[in-house]
Participant: 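Please see the structure below; I have some questions.
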Amino acid sequence: MLQSIPVEKLLFVGILAMVRTNASKGRSNIAQGLATSIVVCLLALGCVARLFAVSLHFSPLTFSIQARPGEVVNKTFTLTLPQEAQTTQFRAHIEDWWRSEDNRQTFYAPPGTLRRSCGLWCTINPVESSVKPGETLTIRLSVRVPDNVEPGGYWAALTVDEVPDPLAPKPNGVAMVFRTSVSVGLFVEVSPCKRSARLVGARLDGDKIAVRMCNDGNVPLRVTGMVEFYKPGDDKPTAVAKIGAEPLLPEPTNVCEYSVALPAPDILPSGKYKVRIIIDVGLDFLMGAEKELDITKPDSS
Amino acid sequence: MRKLVFLICLAFGVVQMAWAAQVTLPDTSQTTTFTANVSEQAVVSVPVSITFNVTDVASSTQATADATVSATTIVLSDGKALKVEIKANADSFTAPTGGSVTWAASDISWDAATWENGTGSSGQLSSAGFTQVAASSANASSLSTSDLTFTLAAKSSVDRAGSHTLTATWKFSSFTP
């Protein structure tokens, strides 16, 4: 109800309530009018908070577990609502996840969808809970590694979704209503793991450079790297672009392309460059490739 | 047996060394290490809703206001980044009573926007998977934008005025082993 009333109207009604009460009922009712207007204004402010943002604090963002067959590992996840938030219902569940080959989309599916899912090893408690402003929701995660599991890497995600309030007002007109969801990566390694990857390509993709990697092992890898741009004949790079830490999964597709924005034209003007790519996937060595690329970009002016 | 006794004595000696030592006063050689275990964490904030004032169904319409999305107090392991993604909860909007045509989720698109401490990606809404909206720079402690513009495509076959609503979910994650 409140959400559908414009904030300005509520504030106006609040001020009007104060003025009318003071004028018609005399000074004895000033306090009552003031109280009415404060309540209405507070409701309006609550409406502002609800209109503009849903905010939450959560920890951690990843569980990385080294485990043996038969071992049980317990972890906790916490989610806190700020004091100014509204009471919100949250639902937790375990999901499988993977990335698209272009690393631009993430897909989720029920636990056990992927061959290397550890989703079915997990139990969580509580599954659904109401969190009041300033309160912290603690979710206990228990991972029971099967006795007969094959060595390698397994993964899933603990997802905590904001549950829609069925009594919440619907916006008027054409609108998108948003929900918040956080997913915590869960990685379980059962030794011995086979870590192996290849750098299989690099290309220009608009205003980005895309580096294609392949995971030949049986464990998710952490990919970091950098792309250096050299003018012909130069020993020092004209510009450097960094590839932040990204996952490289062994399945359902073991290939992933990581894009990084080309440096701005004033740093990397159009021209021919020797591009040197250096990738670290946590092995004993770095991987590298060199390629000549003709970079054409619009002028910064 | 002697070996066992020796090992127990040795272990006992090591334990003793860890707990106490005889020193000559004044002495400043004793130290205690304080360790704070910091968990990965973030505070995230998204708008509750955005509205499109569609006055001409034959033309595309921008949202009435740019969206503000932020993540603060981002504390991650070295080199990691926070990803912001979005997914439609249904294939299409829900049309008002009597309406037979409404917009598909894929009729919503967004621009790359200007992100502080991160890179935005333009995209098109999908109900199949979460599509990336932005990623923080590695080791960034915050990520925010206040000019994320959503656009609703033209659809001249829409036949009813009123509330057309679609729910979408913002996802925050940092999936790196």
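Naming: A, B, ... by sequence-line order, numbering from 1 per chain.
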Participant: Scan side-chain atoms only and decide if A:T62 and B:K80 contain a donor-acceptor pair under the 3.5 Å cut-off.
Facilitator: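 Per modelled atom types, A:T62 and B:K80 side chains form a pair under 3.5 Å.
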Participant: Would you say the side-chain atoms of A:S59 pair up with the backbone N or O of B:E40, donor to acceptor, closer than 3.5 Å?
Facilitator: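 Confirmed, A:S59 side chain pairs with B:E40 backbone.
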Participant: Calculate, to the nearest 0.5 Å, the distance between atoms NZ and CZ belonging to B:K171 and A:R179 respectively.
Facilitator: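 Those atoms lie 14.5 Å apart.
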Participant: Which of the residues A:G173, A:S64, A:P60 is involved in the greatest number of heavy-atom pairs with chain B at under 4.5 angstrom?
Facilitator: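 Option with the greatest count: A:G173.
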Participant: Identify which part of B:S126 has an atom lying under 4.5 Å from any heavy atom of chain A, answering side chain, backbone, both or neither.
Facilitator: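 When you check distances to chain A, only side chain atoms of B:S126 fall under 4.5 Å.
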Participant: Between A:E246, A:K208, A:R222, which shows the greatest number of heavy-atom pairs under 4.5 Å with chain B?
Facilitator: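 Most heavy-atom pairs within the cutoff with chain B belong to A:R222.
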Participant: When rounded to the nearest 0.5 angstrom, what distance separates CH2 in B:W170 from OG in A:S181?
Facilitator: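 So the gap between those two atoms works out to 13.0 Å.
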Participant: What residue, out of A:A157, A:A175, A:S100, has the most heavy-atom pairs lying under 4.5 Å from chain B?
Facilitator: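 Winner by heavy-atom pair count: A:A175.
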Participant: Do B:S121 and A:R104 come close enough that some side-chain heavy atom pair is under 4.5 Å?
Facilitator: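 Yes; the side chains approach each other to less than 4.5 Å.
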Participant: Taking every heavy-atom pair that is under 4.5 Å apart, which of B:A65, B:A138, B:G79 has the most such pairs with chain A?
Facilitator: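 Result: the option with the highest number of such pairs is B:G79.
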Participant: Looking only at heavy atoms, which two atoms of A:T106 and B:F175 are closest? And how far apart?
Facilitator: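 Reported closest heavy-atom pair: CG2-CE1, 4.2 Å.
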Participant: Top residue by heavy-atom pair count (under 4.5 Å) with chain B, among A:W155, A:F107, A:F58?
Facilitator: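 That would be A:F58.
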Participant: Would a 4.5 Å heavy-atom cut-off, applied to side chains only, mark B:Q41 and A:T80 as touching?
Facilitator: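 No; the side chains remain at least 4.5 Å from each other.
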Participant: Do other residues, nucleotides or ligands put more than 12 heavy atoms under 6.0 Å from B:D91 CG?
Facilitator: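 Not more than 12 within 6.0 Å, no.
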Participant: Which pair of heavy atoms, one from B:S163 and one from A:P171, lies closest together, and at what distance?
Facilitator: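 The pair with the smallest heavy-atom distance is OG-O, 3.6 Å.
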Participant: Quick one: of A:M176, A:Q105, A:K242, who has the most non-hydrogen atom pairs under 4.5 Å with chain B?
Facilitator: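 Top option by heavy-atom pairs under 4.5 Å: A:M176.
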Participant: At a 4.5 Å cut-off on heavy atoms, which part of B:V54 comes close to chain A: side chain, backbone, both, or neither?
Facilitator: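 The side chain, not the backbone.
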Participant: What pair of heavy atoms forms the shortest contact from B:S49 to A:V177, and how long is it?
Facilitator: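 Residues B:S49 and A:V177, closest heavy atoms: CB-CA, 4.1 Å.
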Participant: Quick one: what part of B:K83 sits under 4.5 Å from any heavy atom of chain A, side chain, backbone, both or neither?
Facilitator: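 Contact with chain A involves the side chain of B:K83 alone.
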Participant: Heavy-atom distance under 4.5 Å to chain B: side chain of A:V260, backbone, both or neither?
Facilitator: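 Interface part for A:V260: neither.
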Participant: Measuring from A:L221:CG to B:T176:OG1, what's the distance to the nearest 0.5 Å?
Facilitator: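 Atom-to-atom, A:L221:CG and B:T176:OG1 are 11.5 Å apart.
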Participant: Heavy atoms only: give me the nearest A:H57-B:V43 pair and the separation to one decimal.
Facilitator: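 Taking every non-hydrogen atom into account, CD2-CG2, 3.3 Å.
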Participant: Can you tell me which of B:S39, B:S70, B:S77, B:A168 forms the most heavy-atom pairs within a distance under 4.5 Å of chain A?
Facilitator: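 Maximum pair count with chain A is reached by B:A168.
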Participant: Just so I understand: if I count every heavy-atom pair under 4.5 Å between each of B:P96, B:G162, B:A81 and chain A, which residue has the most?
Facilitator: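 Going by pairs under 4.5 Å, I would pick B:G162.
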Participant: Identify which part of A:F178 has an atom lying under 4.5 Å from any heavy atom of chain B, answering side chain, backbone, both or neither.
Facilitator: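 Contact with chain B: backbone and side chain both.
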Participant: Drop me the distance from A:T180's OG1 to B:F172's CZ, to the nearest 0.5 angstrom.
Facilitator: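 Spacing of OG1 (A:T180) from CZ (B:F172) equals 6.5 Å.
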